[in-house]
Amino acid sequence: MALATKKRAKPQPVAEKAYVFHWEGTDRRGVKVKGETRASNIATVRADLRRQGVNATKVKKKAQSIFGGGKKITAGDIAMFSRQLSTMMAAGVPLVQSFDIVGRGHDNPSMQDLILAVKQDVESGTQLAEALGKHPLYFDDLFCNLVAAGEQAGVLDILLDKIATYKEKTESIKGKIKKALFYPTAVIVVAILVSVVILLFVIPQFKTLFSSFGADLPAFTLAVIGLSDVLRDWWWAVGFGLFGVVWGIGYVFKRSRKFREIVDRGILKIPVIGSILNKASLARFARTLSTMFAAGVPLVEALESVSGATGNIIYQEAVLKMREEVATGQSLQLAMRQRNLFPHIVVQMTAIGEESGALDDMLGKVADFYEEQVDNAVDSLSSLMEPMIMVVIGGMVGSLVVAMYLPIFKLGSVV
């Protein structure tokens with residue numbers, strides 16, 4: 001009986017870590033030249049320079065910062081990488097050479113290391129989508145699925161262009177949301193800091209003054225003085241308590257889906273802010289589904305990726321339920337209508353897209369509409385917050401001032 005032999009798996013080459021080297025030398029004309037390059041070792045640098053006709057006289061590894069080699073890789077870096085790679089491939093530059101050009105031209109050393117790692121995987125014969133999938137922190141399932149679709153259809157440059165546009169649009173929405181949330185957060189933080197400073201340094205001076213009055217103080221004044229005493233004597237306990245509350249909320253939020261659902265549902269009901277977040281979720285839903293559907297990804301599979309891109313667990317659960325219904329043969333617009341979460345205009349545009357066979361175009365128009373709505377709402381919120389800042393800070397600080405002057409007013413009336 002013939003024995004079955006197992007085929008040994010070919011070991012995958014391990015990506016070598018790249019460093020920055022500073023070099024000096026002379027070119028073919030004898031002119032002194034110098035520069036910097038990234039490579040795994042000095043021998044590689046010298047060999048690369050020889051190919052360029054440079055006689056290296058000095059090659060030295062550049063010292064790295066004690067805090068690490070480079071800056072954090074942001075979503076903006078990934079969007080720029082997609083755009084640059086798409087441009088290179090559209091110009092007819094081979095994929096591996098495109099990686100080399102994009103990587104060497106990037107300012108962030110961490111991004112250069114990431115691009116080099118992906119490039120080495122591609123050079124060893126790995127599909128681009130698979131190579132990107134080894135770095136899920138930077139390339140999510142949606143990114144990898146679109147790249148895989150582009151590789152299979154032979155239109156990788158077009159799909160990378162769509163990915164870049166999608167990333168740029170979603171990052172723009174995130175930036176506007178952060179801008180919208182920054183103002184109320186800043187108001188609250190400034191008001192608290194001013195109040196703490198008054199309670200720690202101003203109220204004790206009034207307390208010393210009131211002790212010489214020999215009269216009963218108003219209840220409001222006594223309450224503020226008591227709060228000042230607690231903050232001065234137990235500031236460490238208050239600090240640890242606040243830190244514990246914030247940490248506890250964050251811990252529960254990350255691990256409890258039910259708690260996240262309560263928080264996300266409550267946020268959507270906040271006046272003005274809730275409306276902006278609703279429109280942002282709708283824009284993300286439409287933009288993501290439009291991009292994936294245009295890339296030829298099946299609707300059921302696309303909806304699974306779309307659910308995680310909405311940015312809100314309420315919309316995420318709604319999209320997952322829609323996916324189940326669409327998988328059984330129901331139309332997308334009917335599944336959306338049954339959720340009672342999508343505005344009438346979104347449902348109607350989806351219905352028109354399904355009937356005309358241009359669902360990606362219709363959803364793209366929906367995304368453009370809501371992205372503009374978010375932009376306008378954030379600008380309006382900025383104007384609205386200016387008087388609100390004065391009201392909140394004035395209210396908190398004014399209450400403390402009134403509490404301190406009430407005994408003086410009372411004493412004046414007695415006199």
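Both backbone and side-chain heavy atoms feed into the values below; hydrogens, waters and symmetry mates do not.
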Peer 1: Spell out, as yes or no, whether a donor-acceptor pair under 3.5 Å connects the side chain of Ser290 to the backbone of Asp360.
Peer 2: yes
Peer 1: Would you say the rings of Trp247 and Tyr251 are close, in the sense that their centroids are separated by under 6.0 Å?
Peer 2: yes
Peer 1: Atom CG in Asp100, atom NZ in Lys119: separation rounded to 0.5 Å?
Peer 2: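 It comes to 4.0 Å.
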Peer 1: With a 4.0 Å cut-off, would you call Arg323 and Glu301 a salt bridge?
Peer 2: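 No, Arg323 and Glu301 are not salt-bridged.
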Peer 1: State which residue, out of Arg287, Arg284, Lys174, Lys279, fulfils the salt bridge (charged side-chain N to carboxylate O under 4.0 Å, His left out) condition with Glu371.
Peer 2: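 Result: among Arg287, Arg284, Lys174, Lys279, Arg287 is the only option passing the salt bridge (charged side-chain N to carboxylate O under 4.0 Å, His left out) with Glu371.
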Peer 1: Parallel, tilted or perpendicular: which describes the rings of Phe259 and Phe253, with under 30° parallel and over 60° perpendicular?
Peer 2: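 Taking Phe253 first and then Phe259, their aromatic rings stand perpendicular (interplane angle over 60°).
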Peer 1: Would you check if Leu363 and Thr288 make a side-chain contact, meaning some heavy-atom pair closer than 4.5 Å?
Peer 2: no
Peer 1: Ignoring hydrogens and angles, tell me if any N or O in the side chain of Ser98 forms a donor-acceptor pair with the backbone of Pro94 under 3.5 Å.
Peer 2: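 Present.
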Peer 1: Do Phe285 and Phe342 have ring centres separated by under 6.0 Å?
Peer 2: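 Between Phe285 and Phe342, the centre distance is under 6.0 Å.
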Peer 1: List the steps, then state whether salt bridge (charged side-chain N to carboxylate O under 4.0 Å, His left out) holds for Arg83 with Glu168.
Peer 2: CA-CA 10 Å; Arg83 177 69 67 195; Glu168 290 163 358; 2.9 Å; yes
Peer 1: Can you list everything that forms a ring pair (Phe, Tyr, Trp, His ring centres under 6.0 Å) with Phe143? Sequence neighbours excluded, please.
Peer 2: Phe139
Peer 1: Side chain of Asp161, backbone of Ser86: donor and acceptor closer than 3.5 Å?
Peer 2: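 A pair under 3.5 Å: no.
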Peer 1: Backbone N or O of Thr310 within a donor-acceptor pair of the Ser281 side chain at under 3.5 Å?
Peer 2: yes
Peer 1: Nearest 0.5 angstrom please: Thr221 OG1 to Tyr405 OH, how far?
Peer 2: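 These two atoms lie 12.5 Å from each other.
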Peer 1: Please report the C-alpha distance between Asp77 and Tyr138 in whole Å, then the side-chain angles of each, then the deciding distance to 0.1 Å, and finally whether the side chain to side chain donor-acceptor pair (under 3.5 Å) criterion is met.
Peer 2: CA-CA 10 Å; Asp77 291 329; Tyr138 309 112; over 6 Å; no
